[in-house]
Amino acid sequence: MFRRTQPTPTPSTPEPEAIAIDMDELAALERALLEAARLRRTWMESGGYFGPRVPTVHDAIALLYQRAGAAFAVQPDPQRARIPLFLHEIKWLTDAIRSMERHWARDGHLSDARNLHNRFNALLGQTRAITHMGGTACFTHESTQAPTVRSVTQGVIPSHEAE
């Protein structure tokens with residue numbers, strides 16, 4: 001005997017979520033990634049590294065600036081435009097910090113990268129769903145308003161809203 005069973009519903013895939021960063025944070029992220037790449041490249045050329053070559057960070061930076069262009073198309077006010085940074089992309093900064101610690105980064109670069117990483121971790125509670133505009137990830141106009149986040153160690157972290 002065969003029993004008729006209800007088809008099991010397939011779970012809908014959740015929309016990808018990202019944190020919202022501004023242009024200053026994007027520029028700081030770019031500086032951290034480029035400094036880590038410079039240190040890795042210097043070490044590889046010195047003969048101290050025999051593993052596989054690390055892919056270039058320029059593709060990642062180009063992708064982030066492509067998203068920045070889409071963010072300015074959605075929100076033309078540069079003070080309010082937010083660039084999506086996916087949760088798995090925060091690992092790029094974590095890896096860059098490890099490289100800077102390992103290979104003696106220039107003064108200030110490591111502390112700036114750590115501060116940026118702390119900022120990204122504070123924003124993890126404010127992930128937002130993204131949409132795509134011409135194949136590029138961006139936030140909708142309504143989701144660009146950022147609430148204020150309370151940090152345990154530093155008090156209130158100001159939102160990105162222009163006063």
What's the spacing between [X] [atom1] and [Y] [atom2] if we round to 0.5 Å?
X	Y	atom1	atom2	value
E35	R40	CD	CZ	10.5 Å
D95	R102	CG	CZ	9.0 Å
L110	N115	CG	CG	9.5 Å
L116	N118	CG	CG	9.0 Å
Q75	I83	CD	CD1	12.0 Å

By salt bridge (Lys or Arg N to Asp or Glu O under 4.0 Å) - contacts of D112 (at least two apart): none

Salt bridge (Lys or Arg N to Asp or Glu O under 4.0 Å) involving E101 - partner list, sequence neighbours excluded: R114

With sequence neighbours excluded, residues passing side chain to side chain contact (heavy atoms under 4.5 Å, CB included) with A96: L33, A36, M100

Residue list, side chain to side chain contact (heavy atoms under 4.5 Å, CB included) with Q66, at least two apart or on another chain: L63, T136

Quick check: closest heavy atoms across [X] and [Y], and the distance to 0.1 Å?
X	Y	result
V74	F139	CG1-O, 3.5 Å
V57	A37	CG2-CB, 3.9 Å
G108	S111	O-OG, 3.1 Å

Do the non-hydrogen side-chain atoms of [X] and [Y] ever get within less than 4.5 Å of each other?
X	Y	answer
F86	I130	yes
T131	C138	yes
R82	D22	yes
S99	L39	no
L29	I61	no
Y65	L26	yes
L85	L123	no

For R31, all residues meeting side chain to side chain donor-acceptor pair (under 3.5 Å), sequence neighbours excluded: none

By side chain to side chain donor-acceptor pair (under 3.5 Å) - contacts of T127 (at least two apart): E17

Residues Q126, I19; criterion side chain to side chain contact (heavy atoms under 4.5 Å, CB included); working and verdict: CA-CA 6 Å; Q126 298 179 10; I19 61 172; over 6 Å; no

Pairs touching residues 61-70 that satisfy salt bridge (Lys or Arg N to Asp or Glu O under 4.0 Å), sequence neighbours left out: R67-E89

Pairwise ring-ring contact (aromatic ring centres under 6.0 Å, His included) hits with a residue in residues 110-138, at least two apart: none

Ring pair (Phe, Tyr, Trp, His ring centres under 6.0 Å) partners for H58, two or more places apart: none

